[in-house]
Each structure stands twice: as C-alpha cells, then as structure tokens.
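Heavy atoms only: backbone and side chains are in, while hydrogens, waters and symmetry mates are out.
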Amino acid sequence: MAAAAAEGGGSGGGAVYDPSYVPDSVKTFVAHMYRHVRDKNVYEIHQMYEGGFQRLSDRLFRDAPWPAAEAVSPYCDGDHVFLLLYRELWYRHAYARASSSSSSSAPLTAGQRAESWANYCDLFSVVLHGVVNMQLPNQWLWDMVDEFVYQFQSFCQYRAKLKNKSDDELHQLKQFDKAWNVYGVLNYLQALVEKSMIAQILEREKEGLEQFTATDGYDYQGGSNVLKMLGYYSMIGLLRIHCLLGDYRTGLKCLAPIDLNQQGVYTIVIGSHISAIYHYGFANLMMCRYAEAIREFNKILLYILKYKQYHQKSPQYDQILKKNEQMYALLAVCLSLCPQHNLIDENVSTQLKEKYNDKMTKMQRFDEEAYAAYDELFSYACPKFITPSPPALDQPLTNYNQDAYRLQLKLFLYEVKQQQLLSGIRSYLKLYSTITIAKLAQYMEVDEATLRSILMTYKHKMHAVDNNGKIVSSADFDFYIKEDVIHVMESKPIKRHGDYFLRQILKFEEMIGELEKVQFD
C-alpha cells in the first residue's frame, strides 16, 4: 500500500509513494471526520463522505492508494472502530482504481482481496457483537453493503479466470481459499438482518407502533442507526446475491419485509432504490411474472426520468445511467413476452420506443432474428452471474467465469422459445370473441386434441404465483371453453384520466415558467 509522497503529487508521474506518509489535507480530513463521527454529526459526516473524500481522492490519490490505516491512526486517537471504517473506504478506493479504465493501477491480488474481506468481517463483527454508538449517513451504510456484495462478486469472477494466472496468483488463491466464501457472505448479511430485528420493526411500523420511515431510519433518542440500517440494506444485498446465484425465489423472499408499493427508506438513497427494483424486476422476469416486473420497471424508470438531473454531480451518476439503460432493455423484453402496454406511463413508453422499437418489432416475430434480439438484450441487461464454488486448482486450468451466465441465458431462451410457440394462438384469439375449437384447429393446421393441449399450455404459461402465493394472470385477455366453443374476454385497459391531466398541468407550469424567464430577461 502506498500514498502520495507530496501534497499535490498524488496523480502525477515519477513520484515515490510511501504508505506511511500522510499529507496535511488528509490529516485534517481524518481528524475532522473522527470528531464528527464521535459527535454523531450526521450532516457533516455526509458532507465529508460524499464531497471531501471524493475530492481528495481525485486530487491526491488518482494513481495511488490512500495512506495506510496505521499512518493515520494518531489523528483519530487510534480508535479501533474508526480505523475499520477508514480501511473500508481505503479498500473501496483501491477497487475503484483497479476497475477504472483511466487508471494505470495493477489489478488487485488475491491477498489484497482477502485483506478487504477480513476488514469487513472485523467491522460487521463489531456491529453484531460489540457496542456501536454511532450515527452514520444512510448513503455510507448503503454503500458499505453494496460494496461488500460487489467485492464478493468481483472475487468470484477473479478466481474463475484461471487460464492466464501466474504461479504466484494460484498460490495466493490456495492460501486465501476461505476468503469471500459464499456461506460467510450470506451469513453476515443474514445475521445483520436478524440481529437488527428490522423485519419486526417494519411489521410494527405497519401497525403504527414504530417510527422508522418517518425518521429515515435515524435514531433521535441518542442511540445508533448503524445496525438497524445495515440490517435494512442487507435485505437488498441478499436479493442481489441470490439473483447472482440464480436463486430468484429466495431473493424475493429476502426482500419481502420491504413493501415496494409504499415510499420507504430504500428510496432515500438512489443507489439502493435502483438496486432493489432492478433485481426485484429481474427476478420476477426470470420467474415469468412479467406484469409485476413491468409495473416496477415502469415506476423506477419514470422516477429516474424525472429526477436524474439532480444526481449529475453524484459519484453514482454513471451507474444510474447504466442501470437506467439496462432496465429499459429488460422492460422491452417483458413487454415482448407479455404485451401489457397499459401498465406503463406515456413518457416511459416514448423513451422505450426511441431506444428499442426496432428490437421489439423483431421480437414479435417467430424466427431466429427474434431469438437473437432476445439474446442480445438479455446479455446486455442481466446481472453478472457468478459461480460461488472455489475452483479445482489441481486440474487443467481453464476459465469458467462465463458458465453461470451461459446457464441463465440458456434457461431464459428456452422459456422464450416456449412463449414463441404460443404466440400464434394469441394472435388468433385476439381476432375473435368466440370461435369453435374445430375452426381454430383448422386455421392453425393442427388436430383438435393438439389444440386443446396448446390452449392449456397457454393458460399455464400466462399465469404465475405471486409473492403472496396467489395465482395471477400475466395475459391481456382471458378465455374459457364451453361446449367446444372458445369464448375470449379481452381486458379493457384502465384509462388514467387523472394522470393525463396532471401531466398537462405540469407541462403548462413549465411553459409558464419559461415565459416568465423570457419576460424578465
């Protein structure tokens, strides 16, 4: 580990880096941050975390790590918990530098990744088993959980690329084979959920016996919000990990205590808001609950459309834009498999057509080009799936980092192929209110027994079990058979007159505002 050898030379070339050297601005930063943490001054901590840390990183440590924790220890009275927090930031900065395309930093070694894992273990152990009397900003606590899951994902991808690993790298993988173990990662997140009793807190809040959302998760009675909020965000972290593993049902079960139909603490930090809805929507897509996925993607895409300009200076802005594009791709997939356009807002629909109208037209056909379009959009928008088991290093070395992705893609395309086989029956039924089985069988060039089988399959495919165990329909019409006659009932879209008038009112207000500006100019 190394730091800038001169106050202004962190990003310059030719400088000698020394992990024990602490620039004056870093001494001031650490001393002030420590004082604010000790005083539970959440506002000042947030300002230093979101602003000060980022500015110092850009100015002094673009091409070098921050000073070692041991070097800054004198400026925070050697406080053990504060130094764990400092190391968490140190490793996060190191990961960001290693993954940055503009940085010349070498990739992190297995040893460095294992050190970061050990620091998270120590930090979470203090939260779970010690006495933590801090108030930290929700943004930092969310980033902590998010980074923990990201580093686990990164380590799984790193150790799955064995082909060009050096002997030293392979030796380190053997040496640190217990680091980032999938059971350890899941156990820590689950322990934070259970110890915080967050599920019970949210349940009591529904009954009016607790205030959690109203206080944004903070404790104004002199206590700490750290365990409670880490437990809350860990539910989203568990959803993400189970999506990476392909266990969508368990992931949705982990998120169940959070009511996505209500404004919640998860919406305060835009990163947690997007992550929760992205993984929730993707899990529902993979479980064929297309209507539910469409509803949630529509809500978050409308939110981003309205408010993304307020996050332009945020360090997460690029990630917001990337996830925004991925969710439009997933929405295009969902609407192609389950064409319920009445579930999406007019503004989202306009954006979707601009981005993916050609792709959606292709996906409506029954040929290889449609299949390729589904493949392309899924591959672009899906999470980076992982294989959690450690590699067999005593066998011929190969790369298997794409195996989990290929398996999920195969399962998805298999479902698409089944849906495409049923598209023909849908197009016929949309044309009629009643039609005999004999006539429809004749049109489709199949016998009546085969047609009955296709109709039953369509019924099955267009229904799914929701999170409450109820069977819900994803189709935009329904049908029943009586005396060999098919009766089709098309669901009428609900006209949202209120939404239309609200949109027009907002447009007029914007126009009036622009005219007033012109008048005063």
Novice: Hey, can you tell me if F412 and F378 have their rings parallel, tilted or perpendicular (30° and 60° cut-offs)?
Specialist: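 Geometry flag for F378 against F412: parallel rings.
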Novice: Check the surroundings of atom CZ in R204: do more than 12 heavy atoms from other residues, nucleotides or ligands lie under 6.0 Å from it?
Specialist: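 Result for CZ/R204: enclosed.
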Novice: Please report whether the ring centroid of Y232 lies less than 6.0 Å from that of F212.
Specialist: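 Yes.
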Novice: Going by heavy atoms in the side chains, are W180 and C156 under 4.5 Å from each other?
Specialist: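 W180 vs C156: side chains apart.
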Novice: Measure from NZ or CZ of K417 to the centre of the six-membered ring of Y371, then state whether that distance is under 6.0 Å and the direction lies within 45° of the axis.
Specialist: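 Checked: cation-pi criterion met.
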Novice: Would you name the heavy atoms of G237 and L189 that are closest together and state the gap between them?
Specialist: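 It is C-CD1, 4.1 Å.
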Novice: Which class fits the ring pair Y480 and H487: parallel under 30°, tilted 30 to 60°, perpendicular over 60°?
Specialist: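 Plane angle under 30°, so parallel.
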Novice: Taking CE in M444 as the centre, count heavy atoms belonging to other residues, nucleotides or ligands within less than 6.0 Å. Is the count above 12?
Specialist: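 Yes, because the 6.0 Å sphere around CE of M444 holds more than 12 heavy atoms from other groups.
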Novice: For a quick test of reading the model, state the closest non-hydrogen atom pair linking I294 to Q340 and the distance between them.
Specialist: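 Looks like CG2-O, 4.4 Å.
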Novice: Is it true that atom CD of Q263 has more than 12 heavy atoms of other residues, nucleotides or ligands lying nearer than 6.0 Å?
Specialist: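 No, CD of Q263 has 12 or fewer neighbouring heavy atoms, counting only those of other groups under 6.0 Å.
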Novice: Decide salt bridge (Lys or Arg N to Asp or Glu O under 4.0 Å) for K253 and D247; before the verdict, give the C-alpha distance in whole Å, the side-chain angles of both, and the deciding distance to 0.1 Å.
Specialist: CA-CA 10 Å; K253 194 175 177 183; D247 186 359; over 6 Å; no
Novice: Does any part of the side chain of E415, heavy atoms only, come nearer than 4.5 Å to the side chain of M286, both counted from C-beta?
Specialist: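 Contact flag for M286/E415 side chains = no.
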Novice: Under the ring pair (Phe, Tyr, Trp, His ring centres under 6.0 Å) criterion, do Y266 and Y233 qualify, and how do the steps go?
Specialist: CA-CA 8 Å; Y266 75 96; Y233 288 133; 9.5 Å; no
Novice: With ring pair (Phe, Tyr, Trp, His ring centres under 6.0 Å) as the criterion, how do Y328 and F297 come out once you've worked through the C-alpha distance, each side chain's angles and the decisive distance to 0.1 Å?
Specialist: CA-CA 8 Å; Y328 270 112; F297 283 141; 9.7 Å; no
Novice: Is V333 close to M360 at the side-chain level, that is, under 4.5 Å between some pair of heavy atoms?
Specialist: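 They are not in contact (no side-chain heavy atoms under 4.5 Å apart), so the answer is no.
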Novice: What do you reckon, is NZ of K206 surrounded by more than 12 foreign heavy atoms closer than 6.0 Å?
Specialist: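 It does: K206 NZ has more than 12 such atoms within range.
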Novice: May I ask you to check whether H273 and Y303 place their ring centers less than 6.0 Å from one another?
Specialist: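 Yes, the ring centres sit under 6.0 Å apart.
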Novice: Are Y290 and L335 side-chain neighbours, meaning at least one heavy-atom pair lies under 4.5 Å?
Specialist: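 Not in contact.
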Novice: Is any side-chain heavy atom of H279 less than 4.5 Å from a side-chain heavy atom of L255?
Specialist: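 No; the side chains remain at least 4.5 Å from each other.
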Novice: Kindly give the heavy-atom pair with the smallest separation between N138 and D216, and that separation in Å.
Specialist: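 What the structure gives for the nearest pair is ND2-O, 2.9 Å.
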Novice: Verify whether the ring centers belonging to Y432 and Y428 lie closer than 6.0 Å.
Specialist: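 Here the rings of Y428 and Y432 have centres that are no less than 6.0 Å from each other.
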Novice: Is there a side-chain contact between Q151 and Y120 in this structure, where contact means two heavy atoms from C-beta onward sitting under 4.5 Å apart?
Specialist: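 Q151 vs Y120: side chains touch.
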Novice: Any side chain to side chain donor-acceptor pair (under 3.5 Å) involving residues 153-166? Give me the pairs, sequence neighbours left out, ordered by first then second residue.
Specialist: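 Applying side chain to side chain donor-acceptor pair (under 3.5 Å) to every pair that reaches into residues 153-166, excluding sequence neighbours, yields R113-S154, Q153-R240, S166-E169.
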Novice: What are the two closest heavy atoms between M363 and A332, and how far apart are they?
Specialist: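 Smallest heavy-atom distance, with atoms named: CE-O, 3.9 Å.
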Novice: Does the structure place the NZ or CZ of K459 under 6.0 Å from the centre of the six-membered ring of F479, at an angle of no more than 45° from the ring's axis?
Specialist: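 So K459 does make the cation-pi contact.
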Novice: Could you check whether any side-chain heavy atom of W140 comes within less than 4.5 Å of a side-chain heavy atom of L89, counting everything from C-beta outward?
Specialist: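 W140 vs L89: side chains touch.
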Novice: Does the side chain of F385 come within less than 4.5 Å of C382's, by heavy atoms?
Specialist: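 Answer yes - side chains close enough.
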Novice: Between D345 and S349, does any side-chain donor sit less than 3.5 Å from a side-chain acceptor?
Specialist: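 Checked: D345/S349 side chains show no N/O donor-acceptor pair below 3.5 Å.
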Novice: Is atom OH of Y380 surrounded by more than 12 heavy atoms (other residues, nucleotides or ligands) closer than 6.0 Å?
Specialist: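 Yes, the 6.0 Å shell around OH holds more than 12 heavy atoms from other groups.
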Novice: Taking E445 for its side chain and Q442 for its backbone only, find out whether a donor-acceptor pair lies under 3.5 Å.
Specialist: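 Absent.
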Novice: Any ion pair linking E448 and R452 (charged N to carboxylate O, less than 4.0 Å)?
Specialist: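 Salt bridge: no.
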Novice: Nearest heavy-atom pair of Y374 and S336: which atoms, and what distance?
Specialist: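 Y374 and S336 have their closest heavy atoms at OH-CB, 3.3 Å.
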Novice: Tell me the closest heavy-atom pair linking F155 and F176, and the distance in Å.
Specialist: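 Heavy atoms of F155 and F176 come nearest at CZ-O, 4.4 Å.
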